[in-house]
Amino acid sequence: MSVSALIAAAALTSGAAADTTPCRAQENFVLVVHGGTARAGQVPEAKLVFMRKMLGRARNDLKRGAHGVDVVEDVVTQMEDSGLFNAGRAAIANQEGFVETDASIMDGQTLNAGSVASMRYVKNPITAARLVMDKTRHVMMVGDRGEVAVTKLGATVVSPDYFLSNTPKSDPEDHGTVGAAVLDRCGNLAAGTSTGGYGAKIPGRVGDSPNIGAGVYAKNGVMAGSATGHGEYFIRFTALRSVAARMEYGGQSLAEAAAAAIAEMDAAGEGRDGQGGIVTVDAQGNVAMPFTSDGMVRGMVSDDARPTVGVFEEMN
Ligand code: ASP
């Protein structure tokens, strides 16, 4: 079968049209976001300013009843377009000097998920992931053929000079993934993550960000979260699914589960590897954003709290 025939067949078998009725079932909502790990002493003011404004707008949307999945796609798209984060426009180039992006999105109500990996020309990888979730019966599309498929589904492509980074990075510590997790006024959980990976990655390498359960996870009644850090560890430890499992089967609170999942990888990496952080929210609107890296660029907003942002201990 040709690629277009396959896509048409997949599209025919995809799920029902999304519910667009505004969410009104409950008053409370929460949005948590991150802009990647940070090193000691690094205070990326421009990212924090951007994030605070973005959170203010998203708060209005959520108050009006926006659906969590839409808010995740929207805020991640804004960060991809900003040219400030290691995702979309400012994604870090690989060892050979070209950008390859990964992204994912998950709907906690249905457990539907979509992801893309090793995209070279897609402008907004998070939207490509959403198209995979909404318009196909698949979860993950990768590489050149995946890119052809998501383009046919409606993803916008750009020329390589759209991306700001086109020189190989020698520093594997160069990070800055973006992500979001939401509890909306329907009581639904959703999450998404988008990245260029990290500096000096080998072309073709795929990290945790597009891997469901590792760099992203959402399940109604339990939790939603997005990860940043040393992706290989987040994959091996299925970091975010591990948070959910600790809660579901181990009876842990979100704070206990999130801290334990992060500590486990840090311990395995013996202080050299395995560091990073997660932003998470549970079904009651509790938030946990632990990190074992020096810092994590992050922010949150809720129905009863104005946007707060921070990198290290403090958020304000
Ligand atoms: N987790 C990302 C990856 O391994 C990188 C990061 O979050 O900084 O691709």
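For this chain, numbers begin at 1 and follow the sequence in order. The structure displayed is predicted, hence computed values, not measured ones. Whatever order the structure lists ligands and atoms in, that order sets their numbers, starting from 1.
Counting the atoms of ligand 1 from 1 in the order shown, those under 4.0 Å from a heavy atom of G197 are 5 (C), 9 (O). Interface of G231 with ligand 1, defined as ligand atoms under 4.0 Å from a residue heavy atom, comprises 4 (O). Near D208, the atoms of ligand 1 lying under 4.0 angstrom from a non-hydrogen atom of the residue are 1 (N), 2 (C), 3 (C), 4 (O), 9 (O). Close approach to Y198 involves these atoms of ligand 1, each under 4.0 Å from a residue heavy atom: 4 (O). Residue T228 has at least one heavy-atom neighbour below 4.0 Å for each of these atoms of ligand 1: 6 (C), 7 (O), 8 (O). Ligand 1 places these atoms under 4.0 Å from at least one heavy atom of G176: 8 (O).
Ring orientation note: the planes of F237 and Y233 are close to parallel, at an angle under 30° on the 30°/60° scale.
Residue contacts with ligand 1: T195 is placed with no nitrogen or oxygen under 3.5 Å of a nitrogen or oxygen of the ligand (distance criterion only). Considering backbone and side-chain atoms alike, G229 places an N or O below 3.5 Å from some N or O of ligand 1.
A salt bridge is defined here as a Lys NZ or Arg NE, NH1 or NH2 lying under 4.0 Å from an Asp or Glu carboxylate O, and E264 with R246 meets this definition. A salt bridge does not link R59 with D303: every distance from a Lys NZ or Arg NE/NH1/NH2 to an Asp or Glu carboxylate oxygen is 4.0 Å or more.
Of the heavy atoms in M296, none comes closer than 4.0 Å to ligand 1.
Here atom 4 (O) of ligand 1 lies nearest to R205 when heavy atoms of R205, K201, H34 are compared.
Between M315 and R298 the shortest side-chain heavy-atom distance falls below 4.5 Å.
F85 and V33 fall within the same hydrophobic cluster, defined by Ile, Leu, Val, Met, Phe, Trp and Tyr side-chain heavy atoms under 4.5 Å apart, directly or through other members.
With Y198 as the aromatic partner, R205 meets the cation-pi criteria of under 6.0 angstrom to the ring centre and within 45 degrees of the ring axis.
Atom CD1 of I278 sits about 4.5 Å away from atom CD1 of I262, to the nearest 0.5 Å.
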